[in-house]
Participant: 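Below are the structure tokens for one structure; questions will follow.
For clarity, every value in this text was computed on a predicted model and none was experimentally measured. Throughout, numbering of the chain's residues begins at 1 and tracks the sequence.
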Amino acid sequence: MSNTIEMLKRYVPYNKQEEKDILQIIKAEEIFEDILTRDNEFFHLTSSAFIINKNHTKVLCIYHNIYKSWTWVGGHADGDDDMLYVAKKETEEETSLKNFKVIDEMPISVEILPVKSH
């Protein structure tokens with residue numbers, strides 16, 4: 001069992017939709033061998049970071065050029081089985097921040113998002 005699946009099994013869903021999405025991710029991991037890579041054109045994992053300042057009064061967003069919208073930082077797992085590591089790596093790559101504190105190692109949200117291919 002992967003680290004990601006173990007983490008999802010410990011995660012307490014916020015609502016019924018999260019519960020359904022987690023079950024789908026677990027099932028996808030059983031069916032597909034490559035949900036941690038972009039090779040899987042049906043289902044693959046990403047991880048994001050919600051970055052706030054020390055006073056919890058501001059959120060850092062980045063502009064997504066493809067979707068023409070503001071969003072949180074994040075990206076594809078690209079084979080990594082530690083979603084916290086992926087979120088931290090994407091934070092450093094996309095913002096150049098290196099000195100940040102992780103408030104909680106568990107996700108604050110788990111969801112399946114359809115993404116139009118680009």
Participant: Could you tell me which residues satisfy side-chain hydrogen bond (donor to acceptor under 3.5 Å, both in side chains) with S47, sequence neighbours excluded, listed by chain and number?
Facilitator: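 With neighbours one apart ignored, the set is empty.
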Participant: Look up atom CD in E18 and atom CD1 in I25, then write down how far apart they are to the nearest 0.5 Å.
Facilitator: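 Reported to 0.5 Å precision, the distance equals 9.5 Å.
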Participant: According to the side chain to side chain donor-acceptor pair (under 3.5 Å) rule, which pairs have a member within residues 92-101, sequence neighbours left out?
Facilitator: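 Matches after skipping sequence neighbours: none remain.
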Participant: Suppose we screen for side-chain hydrogen bond (donor to acceptor under 3.5 Å, both in side chains). Which residues come up paired with E90, at least two apart in sequence or across chains?
Facilitator: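 With sequence neighbours excluded, E90 shows a side-chain hydrogen bond (donor to acceptor under 3.5 Å, both in side chains) to no residue whatsoever.
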Participant: Of all residues at least two apart in sequence or in a different chain, which pass the side-chain contact (heavy atoms from CB on, under 4.5 Å) check with Y85?
Facilitator: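 By the side-chain contact (heavy atoms from CB on, under 4.5 Å) rule, Y85 matches D80, D82, K89.
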Participant: Taking only residues two or more places apart in sequence, or in another chain, which ones meet I108 in a side-chain contact (heavy atoms from CB on, under 4.5 Å)?
Facilitator: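 With sequence neighbours excluded, I108 shows a side-chain contact (heavy atoms from CB on, under 4.5 Å) to F50, given in chain and number order.
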Participant: How is the hydrophobic cluster of Y63 composed, in terms of its other members, when Ile, Leu, Val, Met, Phe, Trp and Tyr link through side-chain heavy atoms under 4.5 Å apart, directly or indirectly?
Facilitator: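 W70, which link up through side-chain heavy atoms under 4.5 Å apart, make up the rest of the cluster.
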Participant: Under the rule for side-chain contact (heavy atoms from CB on, under 4.5 Å), what residues qualify as partners of I103, not counting sequence neighbours?
Facilitator: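 I103 satisfies side-chain contact (heavy atoms from CB on, under 4.5 Å) with I52, H56 only.
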Participant: Can you confirm whether Y14 is buried at OH, in the sense that more than 12 heavy atoms of other residues, nucleotides or ligands lie under 6.0 Å from that atom?
Facilitator: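 No - once you tally the heavy atoms of other residues, nucleotides and ligands closer than 6.0 Å, there are 12 at most.
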Participant: Any link between V86 and I62 through a network of hydrophobic side chains (Ile, Leu, Val, Met, Phe, Trp, Tyr) touching at under 4.5 Å?
Facilitator: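 No, no single cluster joins them.
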Participant: Could you note down all residue pairs passing side chain to side chain donor-acceptor pair (under 3.5 Å) where residues 103-114 supplies at least one of them, sequence neighbours left out?
Facilitator: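 The answer is S109-E111.
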Participant: How would you list, by chain and number, every residue that makes a side-chain hydrogen bond (donor to acceptor under 3.5 Å, both in side chains) with T57, sequence neighbours excluded?
Facilitator: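 Result, side-chain hydrogen bond (donor to acceptor under 3.5 Å, both in side chains) vs T57: N53.
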Participant: Among residues at least two apart in sequence or on other chains, which ones pass side-chain contact (heavy atoms from CB on, under 4.5 Å) with T46?
Facilitator: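 T46 satisfies side-chain contact (heavy atoms from CB on, under 4.5 Å) with H76 only.
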Participant: Can you tell me which residue pairs pass the salt bridge (Lys or Arg N to Asp or Glu O under 4.0 Å) test with a partner in residues 37-52, sequence neighbours excluded?
Facilitator: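 Non-adjacent pairs meeting salt bridge (Lys or Arg N to Asp or Glu O under 4.0 Å): R38-D78.
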Participant: Considering only residues two or more places apart or on different chains, which pairs with a residue in residues 52-77 satisfy salt bridge (Lys or Arg N to Asp or Glu O under 4.0 Å)?
Facilitator: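 For residues 52-77, and leaving out neighbouring residues, there are no salt bridge (Lys or Arg N to Asp or Glu O under 4.0 Å) pairs at all.
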Participant: Closer than 3.5 angstrom, by distance alone: can the side chain of T4 be matched with the main-chain N or O of D81 as a donor-acceptor pair?
Facilitator: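 Here the side-chain-to-backbone pair exists.
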